[in-house]
Enquirer: 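Quick one: the structure is below, questions incoming.
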Amino acid sequence: MQTDVVKIGTRGSALAVAQAAEVRARLMAAHGLPEDAFEIVVISTSGDQIQDRPLSQAGGKGLFTKEIEEAMLDGRIDLAVHSSKDMPTVLPDGLEISAFLEREDVRDVFIGRSIARLEDLPQGAKLGTSSLRRQALVLRLRPDLEVGMFRGNVQTRLRKLDEGVAEGTLLALAGLNRLGVPHIATEIMDPERFPPALGQGAICIESRIGDARIGPMIAAIHHPQTGDALLCERAFLGALDGSCRTPIAGLARIEGDMLRFSGLVLTPDGREEHGIETEGRVADAVRLGAEAGAAVREKAGTRFFDSWL
């Protein structure tokens, strides 16, 4: 029996805490442990504290993980729960992504203040988002819209809609499902037309490499198919040196022992894009993703990636 309390690190938003609670529940079930065998430790990150500018101007994805990873390296927590799409491709020395929960719905949703569908927004309407990917995809479909920065958690963004700051916004359906509020979506976006972020919908668990106590515990709740899909997606992102400065979308799907991947990079204004589709065996997930990323980078050229930095 486990005697020491396992400390689970997480950001403090309602969604992040719900994700940590889901991991705790799965660990309890897998190992027959009571709830008080675990403690959820809320850690404020730089990404949570910076609300006055886009993350692309403040340092990128690591802003949502840095303080949590420091706590793990210091021994203040034993494992960390993250949204996979927030994870940088390069982790601090001594840490690894050790498990993924089964992936939720990967789609984005549109939430309109008075208009139900993105395509029905009036000419020049304002849409709020903090995601460069969503901005680029929106402008690809509706170049007439005014896209403005929209930071904050789900509740904050909904309040901003109510206050008329924007006529609509976009969020991940997975997050709404985990919060129990999928009904607030007014339109579910087609992933072929509006592809998700790499890693969207997947919760990952980060831990110290070689932790003999925590490693086997986490392994019991790992979902192999999600892990393989994310290996491909993260390899694609890594080959592109992708960050919050780059609008990148993509999705790996697994059927049996075969994996199909589609990826897309865009300019922030949505006017130029380069996509790729590939497939192969699941066992080659990392190679498929890395080769797809290299092919897109060669196709797009250096000018494409440097043009907005």
Side-chain angles (χ1 to χ4, degrees), residues 8-25 40-56 58 60-61 63-65 67-68 80-87 101 103-118 121 125-135 137-138 145 147-189 191 194-204 244 249:
I8 302 172
T10 178
R11 294 167 58 199
S13 71
L15 177 56
V17 173
Q19 292 179 165
E22 181 176 345
V23 168
R24 177 181 62 189
I40 293 177
V41 180
V42 172
I43 297 171
S44 178
T45 69
S46 300
D48 298 310
Q49 296 160 17
I50 297 170
Q51 296 293 321
D52 61 344
R53 59 194 187 277
L55 291 179
S56 58
K61 288 189 177 186
L63 294 172
F64 283 128
T65 60
E67 287 81 3
I68 296 174
V81 178
H82 305 283
S83 294
S84 296
K85 65 184 180 65
D86 291 337
M87 293 298 288
L101 300 193
R103 197 173 208 167
E104 244 276 11
D105 200 308
V106 302
R107 295 174 293 179
D108 280 315
V109 300
F110 173 73
I111 303 175
R113 180 167 175 251
S114 57
I115 304 294
R117 300 193 306 167
L118 175 66
L121 285 174
K126 185 170 183 179
L127 183 139
T129 180
S130 61
S131 162
L132 270 182
R133 172 189 61 88
R134 288 175 179 141
Q135 170 187 305
L137 291 172
V138 165
L145 295 180
V147 181
M149 189 185 73
F150 220 48
R151 291 293 313 282
N153 58 33
V154 173
Q155 292 78 9
T156 299
R157 297 188 202 194
L158 293 177
R159 176 177 52 76
K160 288 180 179 180
L161 278 189
D162 290 339
E163 293 171 351
V165 176
E167 288 301 317
T169 190
L170 291 149
L171 294 170
L173 180 53
L176 301 187
N177 285 340
R178 291 185 178 119
L179 289 171
V181 292
H183 59 277
I184 68 174
T186 57
E187 179 185 16
I188 297 177
M189 308 302 289
F194 207 94
L198 299 156
Q200 187 155 311
I203 294 172
C204 70
C244 285

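None of these values were measured; they are calculated from a predicted model.
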Enquirer: Classify the side-chain pair Asp105/Gln200 by whether it contains a donor and acceptor separated by less than 3.5 Å.
Expert: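 No - no donor-acceptor pair under 3.5 Å links their side chains.
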Enquirer: To the nearest 0.5 angstrom, please state how far the CZ atom of Arg107 sits from the CD1 atom of Ile188.
Expert: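 That separation rounds to 4.5 Å.
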Enquirer: Kindly indicate, with the supporting measurements, whether the criterion side chain to side chain contact (heavy atoms under 4.5 Å, CB included) is fulfilled by Arg133 and Asp108.
Expert: CA-CA 11 Å; Arg133 172 189 61 88; Asp108 280 315; 2.8 Å; yes
Enquirer: Give the C-alpha distance, both sets of side-chain angles, the deciding distance and a yes or no for side chain to side chain contact (heavy atoms under 4.5 Å, CB included) between Thr129 and Leu127.
Expert: CA-CA 7 Å; Thr129 180; Leu127 183 139; 4.2 Å; yes
Enquirer: Testing the 3.5 Å rule here: is there a donor-acceptor pair between the side chains of Gln19 and Thr10?
Expert: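 No donor-acceptor contact under 3.5 Å links the two side chains.
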Enquirer: Measuring from Leu15:CG to Leu176:CG, what's the distance to the nearest 0.5 Å?
Expert: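 Taking CG in Leu15 and CG in Leu176, the distance rounds to 8.5 Å.
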Enquirer: Please lay out, stage by stage, how Thr169 and Leu158 fare under the test side chain to side chain contact (heavy atoms under 4.5 Å, CB included).
Expert: CA-CA 9 Å; Thr169 190; Leu158 293 177; 5.5 Å; no
Enquirer: Any chance you could lay out the side chain to side chain contact (heavy atoms under 4.5 Å, CB included) test for Ile203 and Glu22, step after step, and finish with the verdict?
Expert: CA-CA 10 Å; Ile203 294 172; Glu22 181 176 345; 3.8 Å; yes
Enquirer: Under 3.5 Å, is there a donor-acceptor pair between the side chain of Glu104 and the main chain of Gly175?
Expert: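 Side chain of Glu104 to backbone of Gly175, a donor-acceptor pair under 3.5 Å: no, none is there.
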Enquirer: Roughly how far, to the nearest 0.5 Å, is the CD1 atom of Ile68 from the OG atom of Ser44?
Expert: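 Here the interatomic distance stands at 9.0 Å.
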Enquirer: Distance-only, no hydrogens or angles: does the Arg11 side chain make a donor-acceptor pair with backbone N or O of Ala16 under 3.5 Å?
Expert: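 Side chain of Arg11 to backbone of Ala16, a donor-acceptor pair under 3.5 Å: no, none is there.
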Enquirer: State whether the side chain of Ser84 and the backbone N or O of Ala202 hold a donor-acceptor pair below 3.5 Å, judged by distance alone.
Expert: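 Here the side-chain-to-backbone pair exists.
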